[in-house]
Amino acid sequence: MEKVIRVVLAGPRGKMGTEALQLIERTEHFELVSAVDYKYGGGTVQQFYPGYQGEAAVYETLEECIENEKFDVLVDLTTPEIGKKHAFLSLKNGIRPVIGTTGFTNDELAELKELASQNGLGCIIAPNFAIGAILMMKFSAMAAKYFKDIEIIELHHDQKLDAPSGTALKTVQMIEEAREYKRQGHPSEVETEKGARGAEMNGMRVHSVRLPGLVAHQQVLFGGDGQLLTVRHDSMNRASFMSGVKVSIEEVMKLSELIYGLENIMD
Ligand SMILES: NC(=O)c1ccc[n+]([C@@H]2O[C@H](COP(=O)([O-])OP(=O)(O)OC[C@H]3O[C@@H](n4cnc5c(N)ncnc54)[C@H](O)[C@@H]3O)[C@@H](O)[C@H]2O)c1
Ligand SMILES: O=C(O)C1=N[C@H](C(=O)O)CCC1
């Protein structure tokens with residue numbers, strides 16, 4: 001019998017949070033201790049998830065939850081602003097964060113990395129929990145060794161708050177490690193409309209599409225003499241992220257440092 005991992009979930013009513021609640025409920029060795037939700041503070045999870053069989057209380061803030069409950073892992077699926085606050089707060093209070101929320105800057109990641117190591121605590125920040133997306137990024141990094149002209153197009157639903165997506169930022173980082181720097185496009189190119197060429201990141205161009213109907217998609221285009229290679233991944237629903245959330249909750253218990261990206265814990 002596996003040791004039970006005591007979990008608190010922030011953002012339980014969101015699109016990801018709803019899926020994560022179901023994941024925690026159906027996983028025998030996970031226990032939902034409570035949830036953090038500014039709207040239902042003082043209530044219970046049953047109020048917004050009537051089928052829920054457990055007894056989990058809801059706290060308005062993570063501070064209140066930490067004062068009142070004992071738990072191992074915080075899973076955050078909220079907003080960029082709150083996700084950052086929760087990551088710092090958890091590590092300062094001996095709790096291991098699994099952060100699915102995107103929008104972290106490199107400086108914030110570096111600060112969190114130091115904090116996790118100082119406290120000897122596991123912390124996972126996963127820009128994308130979908131295994132297919134991790135492979136898409138890995139394949140892109142492999143291709144970048146041979147194709148230096150690259151444009152990234154990420155496409156998401158129009159409720160997304162951050163741009164570029166966490167996945168696009170992570171892809172740039174992984175490509176940077178494999179690709180010799182090249183500022184691509186014509187050296188004298190001019191944007192007659194600002195933003196027409198997308199964001200410039202390490203010489204590459206990153207374009208963000210936001211449309212209703214989309215979930216989470218990314219294609220990486222590699223151009224060469226007389227050829228085009230496209231590496232693409234599509235998440236059709238939020239269930240696609242849940243095996244990654246499960247592995248992260250399990251793995252964060254074994255770590256004593258921050259891991260940014262699930263490719264670092266995949267065999
Ligand atoms: N890493 C991944 O694989 C992955 C996949 C999908 C989404 N995301 C990210 O996860 C986050 C959530 O995505 P979503 O599609 O579920 O969004 P959503 O808008 O459906 O849900 C966000 C939820 O957070 C709640 N919330 C806001 N402020 C809060 C606070 N102070 N305390 C507690 N809850 C609060 C909202 O009420 C809402 O229910 C986003 O940052 C998104 O970019 C990551
Ligand atoms: O729905 C979102 O928001 C998502 N964000 C991640 C990102 O920023 O890369 C990827 C999965 C969906």
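All values below were derived from every heavy atom in this structure, side-chain atoms included, with hydrogens, water molecules and symmetry-related copies excluded.
- Here the straight-line distance linking atom NZ of K145 with atom CD of E180 works out to 11.5 Å at 0.5 Å rounding.
- Between H217 and Q219, the side chains place no donor N or O within less than 3.5 Å of an acceptor N or O (distance only, hydrogens not considered).
- Residue E81 places its CD atom among 12 or fewer non-hydrogen atoms of other residues, nucleotides or ligands, all under 6.0 Å distant.
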May I have the step-by-step check of side chain to side chain donor-acceptor pair (under 3.5 Å) for H29 and E250, ending in yes or no? CA-CA 9 Å; H29 58 287; E250 291 164 348; 2.8 Å; yes
One pair to check against side chain to side chain contact (heavy atoms under 4.5 Å, CB included): V75 and V8. What are the steps and the verdict? CA-CA 6 Å; V75 175; V8 164; over 6 Å; no
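- Here the side chains of E60 and K39 are not in contact, with every heavy-atom distance at 4.5 Å or above.
- Side-chain contact between L155 and R210 is absent, with no heavy atoms from C-beta onward closer than 4.5 Å.
- Looking at heavy atoms from C-beta onward, L32 lies in side-chain contact with L9 at the 4.5 angstrom threshold.
- With hydrogens and angles disregarded, no donor-acceptor distance shorter than 3.5 Å links the side chain of N93 to the backbone of I95.
- Taking a 6.0 Å sphere around CZ of F88, one finds it holds more than 12 heavy atoms contributed by other residues, nucleotides or ligands.
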CA sep, side-chain torsions, deciding dist, call: F147, L229, side chain to side chain contact (heavy atoms under 4.5 Å, CB included): CA-CA 9 Å; F147 291 91; L229 170 67; 4.3 Å; yes
With side chain to side chain donor-acceptor pair (under 3.5 Å) as the criterion, how do T101 and K84 come out once you've worked through the C-alpha distance, each side chain's angles and the decisive distance to 0.1 Å? CA-CA 8 Å; T101 306; K84 283 170 206 171; over 6 Å; no
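- Shown here is D158, whose CG atom has more than 12 heavy atoms of other residues, nucleotides or ligands within 6.0 Å.
- Here the CE-CZ distance, from M142 to F222, works out to 10.5 Å after rounding to the nearest 0.5 Å.
- Listed here is the closest heavy atom pair of E25 and Q53: OE2-N, 3.2 Å.
- Residues S140 and M136 come closest through the heavy atom pair OG-O, 2.8 Å.
- The residue from V58, V45, D37 that alone fulfils the side chain to side chain contact (heavy atoms under 4.5 Å, CB included) condition with R13 is D37.
- Remark: E63 CD is packed, more than 12 non-hydrogen atoms of other residues, nucleotides or ligands lying under 6.0 Å away.
- Side chain of Q227 to main chain of G224: no donor-acceptor pair is present (N/O by atom type, distance under 3.5 Å, no hydrogens or angles).
- Hydrophobic clustering (ILVMFWY, side-chain heavy atoms < 4.5 Å, transitive): F71 and Y40 are in distinct clusters.
- Environment of CD in E189: crowded, with over 12 heavy atoms of neighbouring residues, nucleotides or ligands closer than 6.0 Å.
- Looking at L221 and I153, their side chains come closer than 4.5 Å, going by heavy atoms from C-beta outward.
- A donor-acceptor pair is defined here as one N or O able to donate and one able to accept, closer than 3.5 Å; no such pair exists between the side chain of R197 and the backbone of E200.
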Between S208 and E154, does a side chain to side chain donor-acceptor pair (under 3.5 Å) hold up when you go through it step by step? CA-CA 5 Å; S208 296; E154 56 98 341; 2.7 Å; yes
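- The side-chain heavy atoms of M137 and N128, taken from C-beta on, include a pair separated by under 4.5 Å.
- Evaluated for a side chain to side chain contact (heavy atoms under 4.5 Å, CB included) with I249, the options T27, D72, V7 yield exactly one hit, V7.
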Please test L21 against F48 for side chain to side chain contact (heavy atoms under 4.5 Å, CB included), starting from the C-alpha separation and ending with a verdict. CA-CA 11 Å; L21 258 186; F48 50 83; 4.1 Å; yes
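- Between S248 atom OG and I259 atom CD1 the span is 10.5 Å, to the nearest 0.5 Å.
- Considering all non-hydrogen atoms of both residues, L62 and S90 come closest at CD2-OG, 3.9 Å.
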Evaluate E31 against R6 for salt bridge (Lys or Arg N to Asp or Glu O under 4.0 Å), listing each step before the verdict. CA-CA 5 Å; E31 177 192 339; R6 294 167 59 77; 3.2 Å; yes
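- Contact check for V73 versus P97: no side-chain heavy atoms found under the 4.5 Å cut-off.
- Remark: side-chain polar atoms of Q46 are not paired, donor with acceptor, to backbone N or O of P50 under 3.5 angstrom.
- Taken together through direct or relayed side-chain contacts under 4.5 Å among Ile, Leu, Val, Met, Phe, Trp and Tyr, V209 and V172 form parts of separate hydrophobic clusters.
- The distance from the CE atom of M242 to the CG atom of N237 is 9.5 Å, given to the nearest 0.5 Å.
- Although no hydrogens or angles enter the test, the distance criterion places no donor-acceptor pair under 3.5 Å between the side chain of N106 and the main chain of L109.
- Annotation: M253, atom CE; neighbour count of heavy atoms from other residues, nucleotides and ligands within 6.0 Å is above 12.
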Take R96 and E251, measure what salt bridge (Lys or Arg N to Asp or Glu O under 4.0 Å) needs, and give me the verdict at the end. CA-CA 10 Å; R96 292 157 191 268; E251 291 300 311; over 6 Å; no
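- Under the 4.5 Å side-chain contact rule for hydrophobic residues, L255 and L262 share a cluster.
- Remark: L77 CG to K15 NZ distance equals 11.5 Å, nearest 0.5 Å.
- Smallest separation of non-hydrogen atoms from A196 and H207: O-CE1, 4.4 Å.
- Residues E19 and R238 come closest through the heavy atom pair CG-CB, 3.7 Å.
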Walk me through it: do I152 and R205 pass the test side chain to side chain contact (heavy atoms under 4.5 Å, CB included)? CA-CA 6 Å; I152 299 174; R205 295 286 167 169; over 6 Å; no
Assess the residue pair T105 and D107 against the criterion (side chain to side chain donor-acceptor pair (under 3.5 Å)); give the C-alpha distance rounded to whole Å, side-chain angles, the decisive distance to 0.1 Å, and a yes or no. CA-CA 5 Å; T105 64; D107 286 349; 5.4 Å; no
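- A cation-pi arrangement, defined by a distance under 6.0 Å to the six-membered ring centre and an angle within 45 degrees of its axis, is absent between K113 and Y260.
- For K246 against L23, the heavy-atom pair with the smallest separation is N-CD2, 3.8 Å.
- Going from atom CG of L169 over to atom CZ of F104 covers 12.0 Å, rounded to the nearest 0.5 Å.
- Heavy-atom neighbours of Q118 CD from other residues, nucleotides or ligands within 6.0 Å: above the threshold of 12.
- In the hydrophobic clustering of ILVMFWY residues, with side-chain heavy atoms under 4.5 Å counting as a link, V247 and I124 come out together.
- In this structure the side chain of I175 reaches within 4.5 angstrom of the side chain of M204, judged on heavy atoms.
- Judged purely by distance below 3.5 Å, without hydrogens or angles, the side chains of T44 and E55 never pair a donor atom with an acceptor atom.
- The local environment of CD in E114 is sparse, with at most 12 non-hydrogen atoms from other residues, nucleotides or ligands closer than 6.0 Å.
- Taking hydrophobic clusters as Ile, Leu, Val, Met, Phe, Trp and Tyr residues chained together by side-chain heavy-atom distances below 4.5 Å, V36 does not share a cluster with I82.
- The closest side-chain heavy-atom distance from Y181 to N202 is below 4.5 Å.
- When atom types are taken as modelled, the side chain of D76 and the backbone of T78 share a donor-acceptor pair closer than 3.5 angstrom.
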